[in-house]
Each structure stands twice: as C-alpha cells, then as structure tokens.
**Student:** 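This is the structure I want to talk about, given as structure tokens.
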Amino acid sequence: MKTVLVTGGAGFIGARLARMLIDAGDFVVNLDALTYAADLSRLGGFQNHPRHEFIEGDICDGPLVSSLFREYGFDLVFHLAAESHVDRSIENGCAFARSNVLGTAVLLQTAVNERVSRFVQVSTDEVYGSLGKTDPSWDEDRPLMPNSPYSASKAAGDHFALAFCKTHGLNVSITRCCNNYGPSQHGEKLLPTILRCLKANEPVPVYGDGTNTREWIHTDDHCKALMLVAERGKAGRVYNIGSGVELSNLALVRKLAEMTQFSGDPVRFVADRKGHDQRYALDCSRIRNELGFEPGIGFEDGLKELL
Ligand code: NAD
C-alpha cells in the first residue's frame, strides 16, 4: 500500500483519480482548498473510506503542506490542484499565477525537502499553444507556446517541475492531457454547457465560427494513464495523454444534438473567446510505446453515460 497525496481531489479529475487509487489499495490524502470548482459530492462513494483522508487546505500554504508531508510521509504525489477554466483566466489571471505557479513550486520544494520518491505533475495540451488546421500533432519535444493566462500558468508549473528534476534530482514526470469529459464536470465547462442547453431545448452558444478543434478523452482513461506514468514513467520525462478523437466544437454540438434528438438548429454563434486557440492535437506515441497506454472508453459510449 502506498501513501499518496492527491491535490485537487475534490475537482473533476482529482476525485476520479482518488477513487481509482483507493480501489487499487492505496491510502489517499486528498488536499483541496474547496474553491468554487470543487464539489464534495464527487467524493460521495469514498469520503469516509478508511483509506481516504480529506484535508481542506491551500497548496500555497507552505507550513500546512510541509506538516502534511511530515505527518504522512508520502510515497507519491499527484498534483492536480489548479485554477482550470480558460475563460476565468481571461477575466483575471492572478489566481492562476498563484495556484498554478506558486502552489506548484511550494509542492515541488516540499517534495525535495521531504525526499519524496515520486511526483506526477498533471498538465495540459494547452501549454503547446495552437495548431493550424492541417499541422502535425504535438509530440513532447515541441516548445511551449501558451496563449491564455491559464495555459501560461500551467506551462510555468511544468518548467518548475523540470527545473526541480534537473537541479535537485526530484523524480518528477509531467503529463499533458487533452480535453477530458466524464461525470460530474463543473457546469461552466464546454461539454456540460452543451448538454444543459440541449436538455433545456435551447441552442448552444458556440464561440466564433465553431471550427476550433479539441481532442477528447474520458477522465477514467486519463486517470489510468496517470497511474501508469507514476508507476513506470521516467524522471524528467513528459508524457502526452490523448485519444486521437478530434472534433470541432461545432461537430461536438451537432453530435450531441443528434444523440439527444434535439430538433431544430442546435447552434447559436457568439463572439469569439479572446485569443482562442484554433486546434489542439497530441502525438501519443511515447506513452503508447514506452508504457503501453491505450484509452479504453469509446467516445460515443463515454458520452452516452452523460446524457
Ligand atoms: P477542476 O477545476 O475541476 O478542479 C481543480 C480542483 O483544485 C478544485 O477542486 C479546486 O478546489 C482545487 N484547487 C484550486 N486551487 C487550489 C489551491 N490553491 N489549493 C488547493 N486546491 C486548489 O479541474 P480539473 O478539470 O479536475 O483539472 C485537474 C487538473 O488536470 C488541472 O491541473 C488541469 O490543469 C489538468 N487538466 C485538466 C483537463 C480537463 O479537460 N479538465 C485536461 C488536461 C489537464
């Protein structure tokens, strides 16, 4: 049994990961500040599990983080806590700099001080920037060219993680995953917004001309990949996590409209997001070839679960 710290474990992805780690027999300490994005009902099935400890606290709080590392002696850290919504980062980037950069540095520094043997920095494909419609997908050696305050803060966190590996020998790997979908995502994100509108029989607001393209993976597949990286990934190495399922926002809305038998035009175009990235797509040869990762949940099957 490993003692594992999951940060952001009341969030959309962190709660799924905590559940899967407990099921795998690990002891999970779940540190989350319970921001607007958190939802304790995501812990419904395991909040009181004997191998789960929930701590309400901020990753930027150095003394708290140090005391937790000393008390529990973590074997492994999965760092997911973050401000995660691009639109909010456009309104004000400061909270993103604080949690995603300072908070990440606090965790990395404490992991070095307390000699933690494994650290997984959970990042995003958005750090690579934006692809043109026909550009080849990104592999892990692409330079980071983030465009939103959100992706800039995540890229900074990634640079810190690699610097702590190089400087201090911290055994840290970085994962960069595409867009996640799955149960219990916050209502402000794209997919829940689409489903909410369609269910209310209203057209879905779509930014710009709707041609912006994203790659989609189920949260459970993302979490499966995170556990594989923790177990067999190499220090200082980055692993893209994707599915190969690429869809424009327009195609996604139309697909869900069909699946929910929406009648009429499901799309209402609205002014584009500032600095809107055109396309994200990942080359996942590394995680497939080195760690044998393949996503297991088909896109339509995963979507049906959400209808
Ligand atoms: P989320 O917004 O649903 O959850 C984030 C959680 O972190 C929340 O529970 C929040 O309370 C907590 N948190 C925020 N700031 C904190 C702080 N200072 N201290 C402690 N806790 C804090 O996010 P998510 O969608 O679950 O994403 C989790 C991670 O995965 C993030 O790092 C994100 O960048 C990354 N990621 C997400 C996606 C996606 O599609 N959702 C894709 C790739 C990578």
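First listed ligand is number 1; within each ligand, the first listed atom is number 1.
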**Student:** Under a 4.5 Å side-chain heavy-atom rule over Ile, Leu, Val, Met, Phe, Trp and Tyr, are Tyr207 and Leu131 clustered together?
**Tutor:** no
**Student:** List the closest protein heavy-atom neighbour of atom 43 (C) of ligand 1: residue, atom name, distance to the nearest 0.1 Å.
**Tutor:** Cys177 O, 3.4 Å
**Student:** Just need the protein heavy atom nearest to atom 31 (C) of ligand 1, so name the residue and atom and give the distance.
**Tutor:** Leu80 O, 3.2 Å
**Student:** Looking only at protein heavy atoms, which one is nearest to atom 40 (O) of ligand 1, and what is the separation?
**Tutor:** Asn180 N, 2.8 Å
**Student:** Heavy-atom contacts under 4.0 Å between Tyr150 and ligand 1: side chain, backbone, both, or neither?
**Tutor:** side chain
**Student:** Any carboxylate oxygen within less than 4.0 angstrom of a Lys/Arg side-chain nitrogen, looking at Asp265 and Arg254?
**Tutor:** yes
**Student:** Quick one: nearest non-hydrogen protein atom to atom 21 (N) of ligand 1, plus distance?
**Tutor:** Ala33 N, 3.0 Å
**Student:** Quick one: nearest non-hydrogen protein atom to atom 37 (C) of ligand 1, plus distance?
**Tutor:** Ile13 CD1, 3.5 Å
**Student:** Evaluate ring pair (Phe, Tyr, Trp, His ring centres under 6.0 Å) for Tyr280 paired with Tyr128, printing each intermediate quantity in order.
**Tutor:** CA-CA 8 Å; Tyr280 308 137; Tyr128 292 118; 9.5 Å; no
**Student:** How close does the nearest protein non-hydrogen atom get to atom 2 (O) of ligand 1, and which residue and atom is it?
**Tutor:** Ser84 OG, 2.7 Å
**Student:** Could you tell me whether some N/O pair between Gln185 and ligand 1 is separated by less than 3.5 angstrom?
**Tutor:** no
**Student:** Any donor and acceptor pair, going by atom type alone, linking the side chain of Ser173 with main-chain N or O of Val229 inside 3.5 Å?
**Tutor:** no
**Student:** Would a distance-only check, ignoring hydrogens and angles, find a side-chain to backbone donor-acceptor pair under 3.5 Å from Thr167 to Phe164?
**Tutor:** no
**Student:** Between Leu34 and ligand 1, which residue portion shows a heavy-atom distance shorter than 4.0 Å: side chain, backbone, both, or neither?
**Tutor:** backbone
**Student:** Kindly compute the distance separating CZ (Arg279) from CG (Asp125), expressed to the nearest 0.5 Å.
**Tutor:** 11.0 Å
**Student:** Does an N or O anywhere in Asp32 fall below 3.5 Å from an N or O of ligand 1?
**Tutor:** yes
**Student:** What I want to know is whether Ala37 and ligand 1 share at least one N or O pair that is separated by under 3.5 angstrom.
**Tutor:** no
**Student:** Give the residue, atom name and distance (to 0.1 Å) of the protein heavy atom nearest atom 42 (C) of ligand 1.
**Tutor:** Cys178 O, 3.2 Å
**Student:** Give the contacting part of His79 toward ligand 1: side chain, backbone, both or neither, where contact means a heavy-atom distance below 4.0 Å.
**Tutor:** neither
**Student:** Establish, yes or no, whether the cationic atom of Arg118 lies under 6.0 Å from the six-membered ring centre of Phe78 and within 45° of the ring axis.
**Tutor:** no
**Student:** Any N or O of Thr35 that comes nearer than 3.5 Å to an N or O of ligand 1?
**Tutor:** yes
**Student:** Return the residue, atom name and 0.1 Å-rounded distance of the protein heavy atom closest to atom 15 (N) of ligand 1.
**Tutor:** Ser99 OG, 3.5 Å
**Student:** Applying a strict 4.0 Å limit to heavy atoms, is Ala10 in contact with ligand 1?
**Tutor:** yes
**Student:** Nearest heavy atom to atom 19 (N) of ligand 1: which of Thr219, Ile59, Leu102, Asn179 does it belong to?
**Tutor:** Ile59
